[in-house]
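Report on one structure; see the data block that follows.
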Amino acid sequence: DAGITQSPRYKITETGRQVTLMCHQTWSHSYMFWYRQDLGHGLRLIYYSAAADITDKGEVPDGYVVSRSKTENFPLTLESATRSQTSVYFCASSEPGGGQTQYFGPGTRLLVL
Amino acid sequence: KNEVEQSPQNLTAQEGEFITINCSYSVGISALHWLQQHPGGGIVSLFMLSSGKKKHGRLIATINIQEKHSSLHITASHPRDSAVYICAAFTNTGNQFYFGTGTSLTVIP
């Protein structure tokens, strides 16, 4: 299917466990982004990637790791999940260039117990 | 202080009313985006603006660069317009998006 997909859509885990959220896009967009959305904060950028093997920190990167070995995939890993990482996570992609239209995935709801 | 502020936070309107949502930002930008988040959670991009005004159907977005302010207008509102509308500023330094906390719109039939 064309577009941008995220998996899993829902995840429950325990404090201290490693969790990986997957993001896949079929447009060959060079830019990809990970956001978290929390009540009262809106969307906040965790990490972004301008191309394969190029990643950079956003506003709230602590506790997260990303990689981008292929253009179409941009996994986000919580190395040791904490309750404060309970959130809805959105992946997005866009063409290069300043502030191009972003296309969002459906989101992953993560609950850390 | 947030880099992007939206008002109002919540808005209830009768079907057919003209609606305005405001966005003010404090950073230098190269583009300003309006997003719509549906009740199910999905997010779609409505507009990308760097100056002036854009129109798509019943939606109009304007931006005043000097005043660092943008507005989203909905004419002849309809219950299907009920959603959260999010303003996002893309900075002209640092490749960063800053998002407002959203305006929750409910349009009553």
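Hydrogens, waters and symmetry mates are skipped; everything else that's a heavy atom, side chains included, is used. This one's a predicted model, so the numbers in the text were calculated from it and none came from an experiment. Just so we're on the same page: letters track the sequence lines, and every chain starts at 1.
Atom CD1 of A:I54 has more than 12 neighbouring heavy atoms from other residues, nucleotides or ligands inside a 6.0 Å radius. In the displayed structure, B:E17 atom CD is contacted under 6.0 Å by more than 12 heavy atoms of other residues, nucleotides or ligands. Enclosure of atom CG in A:L113 by more than 12 non-hydrogen atoms of other residues, nucleotides or ligands within 6.0 angstrom is indicated. Counting heavy atoms of neighbouring residues, nucleotides and ligands inside a 6.0 Å radius, atom CZ of B:R58 exceeds 12 of them. For B:Q9, the CD atom counts as loosely surrounded, since its 6.0 Å shell holds 12 or fewer non-hydrogen atoms of other residues, nucleotides or ligands.
No side-chain heavy atom of A:R44 sits under 4.5 Å from any side-chain heavy atom of B:F97.
Here the closest non-hydrogen pair linking B:I86 and A:Q37 is CD1-NE2, 4.2 Å.
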B:V44 and A:F104: CA distance, side-chain angles, deciding distance, side chain to side chain contact (heavy atoms under 4.5 Å, CB included) verdict:
CA-CA 7 Å; B:V44 295; A:F104 286 82; over 6 Å; no
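The distance from atom OG1 of B:T101 to atom CG of A:D38, rounded to the nearest 0.5 Å, is 12.0 Å. How far CG of B:N2 is from NE2 of A:H41: 8.0 Å, rounded to the nearest 0.5 Å. Remark: A:Q100 CD to B:H33 NE2 distance equals 7.5 Å, nearest 0.5 Å.
Note: B:F99 and A:Y35 meet the aromatic proximity criterion, with ring centroids under 6.0 Å apart.
Proximity to chain A (any heavy atom under 4.5 Å) is restricted, for B:Q37, to the side chain, taken from C-beta onward.
With hydrophobic clusters built from ILVMFWY side chains whose heavy atoms lie under 4.5 angstrom apart, B:I29 shares a cluster with B:I21.
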